[in-house]
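Just below is one structure, and these are the notes that go with it.
Naming convention: chains lettered A, B, ... in sequence-line order (proteins, then strands); numbering from 1 in each chain.
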There are 4 protein chains.
Amino acid sequence: MSREKSVDKRQRILDAALRVFAERGFYTARVSEVARAAGVADGTIYLYFQNKDDLLIKLFEDRMDFLIRRLNEDLAEMGGTCAERFGRLVHLHLVLSTEATDLAEFITVELRQSQKFIKEYGNPRFQEYLSIIRGIIEEGQGDGSFRPELDARTVVRAIFGALDEALLALTLAHRRGREVDVARAASDLATLLLGGIRAD
Amino acid sequence: MSREKSVDKRQRILDAALRVFAERGFYTARVSEVARAAGVADGTIYLYFQNKDDLLIKLFEDRMDFLIRRLNEDLAEMGGTCAERFGRLVHLHLVLSTEATDLAEFITVELRQSQKFIKEYGNPRFQEYLSIIRGIIEEGQGDGSFRPELDARTVVRAIFGALDEALLALTLAHRRGREVDVARAASDLATLLLGGIRAD
Amino acid sequence: MSREKSVDKRQRILDAALRVFAERGFYTARVSEVARAAGVADGTIYLYFQNKDDLLIKLFEDRMDFLIRRLNEDLAEMGGTCAERFGRLVHLHLVLSTEATDLAEFITVELRQSQKFIKEYGNPRFQEYLSIIRGIIEEGQGDGSFRPELDARTVVRAIFGALDEALLALTLAHRRGREVDVARAASDLATLLLGGIRAD
Amino acid sequence: MSREKSVDKRQRILDAALRVFAERGFYTARVSEVARAAGVADGTIYLYFQNKDDLLIKLFEDRMDFLIRRLNEDLAEMGGTCAERFGRLVHLHLVLSTEATDLAEFITVELRQSQKFIKEYGNPRFQEYLSIIRGIIEEGQGDGSFRPELDARTVVRAIFGALDEALLALTLAHRRGREVDVARAASDLATLLLGGIRAD
DNA sequence: GATGAATGAGGGTTCATTCAT
DNA sequence: TATGAATGAACCCTCATTCAT
């Protein structure tokens, strides 16, 4: 089987794992469920991943890489003020709730879950995501548009928390079939957070 | 055995579960570990709780009740403006990172974890906690000190997210033995969030 | 459950393991087969033994202890010359083929099998069994009834090999329902081996 | 690929299997390990052997054929008395411990292992090897140099047992890097066994 | 109530074997 | 022939839960 197809199969397993983990949660999900969802045999998963934990880690890395790349590309091509870029970031984050519901649920619910992520694994991709936010904040502080006296790390962490929780709320609402006005939520959230960081 | 002692034992199990779940995570933790930590036999846990899930739910309710009561009492006796009360709330939330580290870790990490909480269980205590924040926001919007055009629900959710994430960051930092300036963080966070919601 | 009964259950598992391992071989045997043969649940085995390997080791130790004790007691009370004692030892070894067929098959087939026994585990009980034979040989060399120029270790090893192989042959014959004249075989074997070690 | 090369590959697999089975034991060894050691793909093994069991059987036959042929040729060209031929046989058996360590370990450890060999498979090559020993014994009994009253089958079996155990002991000692005096051991063993079978 | 030995369903993982290339 | 990715049956072991004491 060609390298092409192998990459394909690995990706299919990751895609399936995303769906299954989002639906059932990592610990509740069965490896055999992921296999079935991917259309492969149970054993095949172990050709591409060391074990169930490794699948979680690799899935997390894969999707964070995707989000980080998408965010970087989008912000790179838009230009604009820090405030505008910040608003764009908020929008891009929240829009996952409807455009990539599984991913949104996976990120919001599973990110904190495992000791492996938060403690042992260290989670560099998460740090990278935070550093994108931080970049905007510090740029704004540098050009005088954002309040300089606030500790950027605290601010960034708070902003991510606000985004993440909002995303969770929107995602669950969307899952339950409720109408979700992502644009409005993004607008409100951007207003709120910008109000807090903007220099007078 | 008297009612007194039974209540005692139930509480001992809850306390042990908090420690063990904070340390190991709900799914990774073993019922026998909770039993050992509580100084009771494995079977005893099932005299007070239906099963492991029920233990998690009851623990969550128990600690949220504690937090809610503490918060309500503290806010009730302090009086002051909405902004002052909001600042107090932020401080009380973050101070858990050093004064109740296990609880902080449990809340921040386990709260999102189980589908049972978020979807099936519905999680009324969490809603109650949110409603305390909401009360302050709406009161502030009512008396003109807070910006009225923001959707209170979105704001509340974002604020909780910011608090929760900040608490997580502080808790993990504390766990790793790093010096943590809770007061500073609380001050920064209050400034940030108040800046966002305060009327001009 | 009392200590008494636990010991009982542990022994029941060992007895069952002996039967199953003799019948099926260690690697081919399933833990669940041992459990069924012992009349316990699969998991119960793991209350008394760390894992399948440990069960094998403990079984080996248990039965070797039994054989060693039996041999020592029997030889202790019989007295007699070294040659007579040697003849008795041969008889006691071979009689296992009909009086403890499972044990005979287990010892002859499984003793050499596992790396764990021969290499890693080191196998002190086996050494102890050899030392009983060695004691007789060296005593005989000491009192001039056995040839002193032979290296006792080589002799002992060869004697054990002869006994073991003879036991295997008798056991398999017995298993196949053939008439087995253990006394004759023991007599021939004793004659043969004594002829080799006896001083002229 | 020519017949020549195929035979080559079959032999390479057998050689690899000998090494791997000696090192790891049949049940612990993986087919993929044999394949890697042979420098072929896993599937290739199944072009030459029906399955893992068959590989073991064929390997056993191959090496026993080798031993039997070597023994027959060596004994045929040496001539001499039965006692001398017997001494030669002992030496040839034990010398495997240093000149063909893997083979020695394979024979001594794996020969008894599988029920398949002892019960189902019946093991004609092993019988053939025994019959060589038996030939010498019976010839000696016929010409009056060996004691005629001993049952040849019992004697042969005992002799093989002694040889086999001695070979195992020497092989393991050699594996552990200890100095092994094969000639001395062979001499002692021949003396011992001849003393037992020789007519007075 | 309290115990903890016993249970046994269930799941992650392995690995002999197959078969499309 | 040869390959090695893919398969999936099988098995060891765990651990939440029960229940006789």
Is there a side-chain contact between [X] and the phosphate of [N], meaning an N or O under 4.0 Å from OP1 or OP2?
{"X": "C:K9", "N": "E:dA6", "result": "yes"}
{"X": "D:K52", "N": "E:dT17", "result": "no"}
{"X": "D:R30", "N": "E:dA16", "result": "yes"}

[X] [atom1] to [N] [atom2], straight-line distance once rounded to whole Å:
{"X": "C:L47", "N": "F:dT14", "atom1": "CG", "atom2": "C1'", "result": "11 Å"}
{"X": "B:L56", "N": "F:dA16", "atom1": "CG", "atom2": "P", "result": "13 Å"}
{"X": "D:I45", "N": "E:dT18", "atom1": "CD1", "atom2": "C1'", "result": "14 Å"}
{"X": "C:E33", "N": "F:dC11", "atom1": "CD", "atom2": "P", "result": "8 Å"}
{"X": "D:L55", "N": "E:dC15", "atom1": "CG", "atom2": "P", "result": "17 Å"}
{"X": "D:D42", "N": "E:dT21", "atom1": "CG", "atom2": "P", "result": "19 Å"}
{"X": "A:I13", "N": "F:dA5", "atom1": "CD1", "atom2": "P", "result": "13 Å"}
{"X": "D:N51", "N": "E:dC15", "atom1": "CG", "atom2": "P", "result": "17 Å"}

*Between B:T44 and A:G43, just flag the one whose closest nucleotide in DNA chain E comes earlier from the 5' side.*
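Its nearest nucleotide lies further toward 5', so the answer is B:T44.
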Can you figure out which of [options] approaches the side chain of [X] most closely?
{"X": "C:Y48", "options": "E:dA16, E:dA5, F:dA5", "answer": "E:dA5"}
{"X": "B:V31", "options": "F:dA16, E:dG12, F:dA5", "answer": "F:dA16"}
{"X": "D:Y46", "options": "E:dA2, E:dG8, E:dT17", "answer": "E:dT17"}

Are [X] and [Y] close enough that some pair of their side-chain heavy atoms sits under 4.5 Å apart?
{"X": "A:F60", "Y": "A:E110", "result": "no"}
{"X": "D:F26", "Y": "D:L55", "result": "no"}
{"X": "D:E23", "Y": "D:V20", "result": "no"}

*With sugar-phosphate meaning primed atoms plus P, OP1 and OP2, does C:A29 contact a base, only sugar-phosphate, or nothing at under 4.0 Å between heavy atoms?*
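Here C:A29 touches the backbone only, sparing every base.
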*Does the pair C:D65/C:K58 count as a salt bridge with the N-to-O cut at 4.0 Å?*
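Salt bridge between C:D65 and C:K58, a charged N being under 4.0 Å from a carboxylate O: no.
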*Answer yes or no: is there an ion pair linking D:R63 with D:D102, defined by an N-O contact shorter than 4.0 Å?*
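No, this pair does not count.
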*Comparing A:V40 and B:S32 on DNA chain F - which has the more 5′ nearest nucleotide*: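 Checking each residue's closest nucleotide, the 5'-ward one belongs to A:V40.
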_My understanding is that only residues two or more places apart in sequence, or in another chain, count here; which of them pass ring pair (Phe, Tyr, Trp, His ring centres under 6.0 Å) with A:F49?_
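For A:F49, no residue satisfies ring pair (Phe, Tyr, Trp, His ring centres under 6.0 Å) once neighbours in sequence are set aside.
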_At 10 degrees resolution, what angle do the end axes of the helix from E:dA2-F:dT21 to E:dT21-F:dA2 form when each is taken over five base pairs?_
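The two end axes of the helix from E:dA2-F:dT21 to E:dT21-F:dA2 meet at 0°.
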*Honestly, is B:K52 close enough over B:Y46, meaning NZ or CZ under 6.0 Å from the six-membered ring centre and within 45° of the axis?*
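Relative to the ring axis of B:Y46, which defines the angle, B:K52 lies outside at least one limit.
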